[in-house]
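Quick notes on the structure that follows.
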Amino acid sequence: MICRWIAFNPSKISRVLSPFSSLFSTKLSSSSVAKLDDEPLSATNFTSDQRDYFGHEILFGMKKIGFREYLHGGQFRSVASELRQVHVEEIMCELMGESPDLSVWFFKELKDVYGFRHSRLSSLLVSHILAGQRRFKELQVVVEELLREEGKKWESTNVVWDMLLFLSSRSKMVDDSLYILEKMRDLNLSVSTQAYNSILYNFRETDKMWDVYKAIESKNEHTYSTIVDGLCRQQKLEDAVSFLRDSEWKDIGPSVVSFNSIMSAYCKLGFVDTAKSFLCTVLKCGLVPSVHSHNILINGLCLAGSIGEALELAGDMSKHGVEPDTVTYNILAKGFHLLGMIKWVWEVIQQMLDKGLTPDVITYTILLCGHCQLGNIDKGLRLLKDMLSRGFELNSVIPCSVMLSGLCKTGRIEEAFSLFYRMQANGVRPDIVAYSIVIHGLCRLGELDLAIWLYDEMCAKRILPNSRTHGAMLLGLCRKGMILEARALLNSLISTGCTLDIILYNIVIDGYAKSGCIEEALELFRGVIESGITPNVATFNSLIHGYCKTQNIAEARKVLDVIKLYKLVPSAVSYTTLMNAYANCGDTERVDELRREMKANGISPTNFTYSVIIKGLCIGRKLEKYNQVLRDMASEGVTPDQITYNTVIQHLCRAKDLFRAFELLEEMKSRNLEPTPATYDILINGLCFYGYLKDAERFLCSLQERDVSLSKFAYTTVIKAHCVKGDPEMAVKLFLQVLDRGFDVSVRDYSAVINRLCRRELAKEAKFFFCLMLSRGVSPDLDICRVMIKSSDVLGWTIKAEKLSQEEINLSYRMVPSGANCINISFFNGSLTVQSSFGVPSTNTKRHWWFCFSSLKPFCLVQFFGMGLKSLSLFLTVTSCKVVVLGVRTYLVNV
DNA sequence: CTAGGGTTAG
């Protein structure tokens, strides 16, 4: 029977039976199995041929009717008595592939309802499912019954218990394994060394390790090497060495495995030389260092930056009687990758292929990292595709994560998203890292809604967010200007009691700094210090930025010294931020001073630094020094990038030197620097500003024809110029193009156009844009309201502005993609009532975040605009420090 | 023993 089953489904049997079958193989003779299998449960009227098809027919029926329905139906009951173990086995195998739970249920149902006696194979199948699902109690029942069937009765209890202990311990179920251990002691059952070693392994990072160690009666080599490994992990390296030297097990002698643990630990602490000396000790003890030992040292050398020595040691391996393996080459490839020497990564892998070794997933992943690091995203995508076609798809989520990260970093979020779902279709399940990468990518680009959606999806899959995920969400909130919400999230993380990373604080401090709230940034910074968390340079850099943003350069300058007080070193960012503030005032003297200080402290200027320096020259009207700066850049090995060019082009435009500005555009292209959308913004703006509207329009068209990606600004600049020049037709034409191209058109864009049109008394066109805005679901802001009120064609009343208390308007804001910012407004007996439709924030909907602005006293301004006789549009604007909710509803009100 | 994710400046 078993042979037939193997032939029937060979792939399943090895996967399903391997660990358990060894346990029983000695206990069951093949003849007893055959006897059990062939014994019918009841007298049968079926021929043998019919019998063969019986199982298939039942399966067919089950599939057609539905499993549970079939089993409880009359059709099944009528054949149940004819069911034989062969059929049950076939059905169970079939069901396992579809649903392990169903097959357990089938097993139990047959036994409990029909009193079916299951075969050894069925019992083993079910045991495997139960063991896999850690349902140890049920497993025990099944296995015990199986043993009883075999006539072995209870003397096997010990084996069962020990196996349970071993399995639970190996599955890292520490509490369960301790419980089982306790029970076994109560029952006076002996514990195998294998099971004990596994428990020891789980406790090797704690002091409890010794209690387990003492309890083990017959210790073996594994026991000792686990202790050594444990001591290494507890940073007790000297204890590990002395345990190795003076322990009680001289008869067995130390193993290479123990030395490997010690060498690895020394490497991790950065003591590669000490680690190397242990290689000699290994030899002195008469042991042979394994490939493993060499790999540990080679890895240590690579991480220490000594790639030369690492290569040398790899070359010496054959002298020591071992050959480098795939892991060795992977380590070397990663070493070169870390040094940014991507070409050598290829070289190493080529050598590996020459040696006849096969690259594994890790080799490919390192290559993929190289492509992504060089910005060759498309090459990366091709490599990933190649990997998938080589059947690596089920191996790991990591290569996909590398690709996701590469796509996100280059802003190709749609492709990242599509890869994210394609990999799942291929059976690669995203983990916390993959989710965090995509969530971060979305947050970085301001796609907060999508990020929250993914975050919820992740939580629903019981993948718990960690510090990185929270960091991404904080960043997303800050980028959207939702600093209050970011702070609320940070506070809630703090209130969970775990110590937070400085980076999480940095994100919020920077959020404050960027929105000009230096006081709040400082308050949070003080909080960081009070909770004993060490700030890093980025923390201070954000503070510098915050001071500069609020025009307090003197304080910003002082932070530079504070950095040193904290025993940190100011970075290029620190200096560049400050220099930028001085450059914006054209203070080239201070810029130069900082440049000298930077040099004296051994910090190299970056592309950012140079563009700031050049900007300073432009604003300070010291362009004669420009060529000298270019020479400095060249000698420092810093090549100008697009933004350096943009800076110069912008200032040429401001100086009305459009000819040279366009010359620089050509120079950029000749240097293989693809102009950015901002480059075109600057040029188009320059043309419009000096009245070359026709040229601007022509330039815009030529760019469109060449399918160059343009920003919304390029269009609105030309549109605004048309409004000013009194050509609303062209303005309308271009504006519709902007909408067509899917740009995110904001109230400010409408406002800019409407303002200009009103100023030119083009009321008809202004009204057209106003209606266009309403039809696109964009709410007007106060500016537009004012302008429209002034415009003679539109009637308007300002009813009143009143302060509402928290009780009157319970304002909360829910972050969900669908947007639940619904506010009910009723106009009754001449008085106005405002209610939020979603009530008090609820704490039981934790998957969505609720923010209640409890400290907010909203200021409510309601304005009515007559858009016709009976149709009135009601605009509700709730303002505090910023506009929180903007809702537009059109109501029919009898006036 | 080898592969993936975060903060700051133009």
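- The side chain of A:Phe608 has B:dA9 as its nearest neighbour among B:dT7, B:dA9, B:dC1.
- Of the listed nucleotides (B:dG10, B:dA3, B:dG5), B:dA3 has the atom at the smallest distance from the side chain of A:Ile398.
- Note on A:Thr647: nothing from the nucleic acid sits closer than 4.0 angstrom, heavy atoms only.
- Side-chain atoms of A:Thr606 lie closest to B:dA9 of the nucleotides B:dA9, B:dG5, B:dT8.
- Residue A:Asn295 places its side chain closer to B:dC1 than to any other of B:dG6, B:dC1, B:dG10.
- The CZ atom of A:Arg479 sits 7 Å away from the P atom of B:dT7 (whole-angstrom rounding).
- Nucleic acid contact class of A:Lys514 (heavy atoms, under 4.0 Å, all strands): sugar-phosphate only.
- Distances from the side chain of A:Val327 to the nucleotides B:dT2, B:dG5, B:dA3 place B:dT2 closest.
- As rounded to whole Å, 16 Å separates atom P of B:dT7 from atom NE2 of A:His470.
- The side chain of A:Val612 sits closest to B:dG10 out of B:dT2, B:dG4, B:dG10.
- Within 6.0 Å of atom NZ in A:Lys599, 12 or fewer heavy atoms from other residues, nucleotides or ligands are found, so the atom counts as exposed in its surroundings.
- Residue contacts for A:Val433: at a heavy-atom cut-off of 4.0 Å it reaches a base atom on one of the strands shown.
- Residue A:Asn299 places at least one side-chain N or O closer than 4.0 Å to OP1 or OP2 of B:dT2.
- Rounded to a whole Å, the OH atom of A:Tyr435 is 16 Å from the C1' atom of B:dG4.
- With B:dG10, B:dC1, B:dG4 as the choices, the nucleotide that has an atom nearest any side-chain atom of A:His545 turns out to be B:dG10.
- If you check the side chains of A:Asp632 and A:Tyr610, you find no donor sitting under 3.5 Å from an acceptor.
- Closest contact between the side chain of A:Asp360 and the listed nucleotides B:dT7, B:dG4, B:dT2 involves B:dT2.
- When rounded to the nearest whole Å, the span between CD of A:Gln642 and P of B:dG10 equals 16 Å.
- Considering only side-chain N and O atoms, A:His337 lies nowhere under 4.0 angstrom from the phosphate OP1 or OP2 of B:dT2.
- Using a 4.0 Å cut-off between charged nitrogen and carboxylate oxygen, A:Glu555 and A:Lys558 count as a salt-bridge pair.
- A:Thr644 comes within 4.0 angstrom of a base, heavy atoms only.
- Looking at heavy-atom distances under 4.0 Å, A:Ser467 makes contact with a base.
- Spacing between atom CG of A:Asp641 and atom P of B:dA9 amounts to 15 Å, rounded to whole angstrom units.
- Residue contacts for A:Asp501: at a heavy-atom cut-off of 4.0 Å it reaches a base atom on one of the strands shown.
- Under the 3.5 Å distance criterion, with hydrogens and angles disregarded, no donor-acceptor pair is assigned to the side chains of A:Asn426 and A:Arg422.
- If you check distances only, the side chain of A:Asn506 never reaches the base of B:dG6 with a donor-acceptor pair under 3.5 Å.
- Residues A:Phe420 and A:Tyr435 bring their aromatic ring centres within 6.0 Å.
- With hydrogens and angles left out, the side-chain atoms of A:Tyr266 and A:Lys276 include no donor and acceptor closer than 3.5 Å.
- As judged by a 4.0 angstrom heavy-atom cut-off over every strand, A:Ala434 is placed among the base-contacting residues.
- A:Met579 places its CE atom 21 Å from the P atom of B:dT8, with the value rounded to the nearest Å.
- Residue A:Ile643 is in base contact, counting any heavy-atom pair closer than 4.0 Å across all strands shown.
- Using a 4.0 Å heavy-atom distance criterion, A:His440 is classed as a sugar-phosphate-only contact.
- Contact annotation for A:Thr365: base contact, defined as any heavy-atom pair under 4.0 Å involving a base atom.
- Here the P atom of nucleotide B:dG4 and the CG atom of A:Asn466 are 16 Å apart, to the nearest Å.
- Using a 4.0 Å heavy-atom cutoff across all strands shown, A:Ile432 reaches at least one base atom of the nucleic acid.
- The side chain of A:Ser264 sits closest to B:dC1 out of B:dT7, B:dA3, B:dC1.
- Side chains of A:Lys615 and A:Asn584: a donor on one and an acceptor on the other come within 3.5 Å.
- Computed from coordinates, the A:Ile463 CD1 to B:dG5 C1' distance equals 14 Å when rounded to whole Å.
- Relative to the side chain of A:Arg468, the nucleotides B:dG6, B:dA9, B:dT7 differ in distance, and B:dG6 lies closest.
- The aromatic rings of A:Phe540 and A:Tyr566 are tilted relative to each other, their planes meeting at an angle between 30° and 60°.
- The base of B:dG4 is paired with the side chain of A:Asp431 by a donor and an acceptor separated by under 3.5 Å.
- Residue A:Lys334 places none of its side-chain N or O atoms closer than 4.0 Å to OP1 or OP2 of B:dC1.
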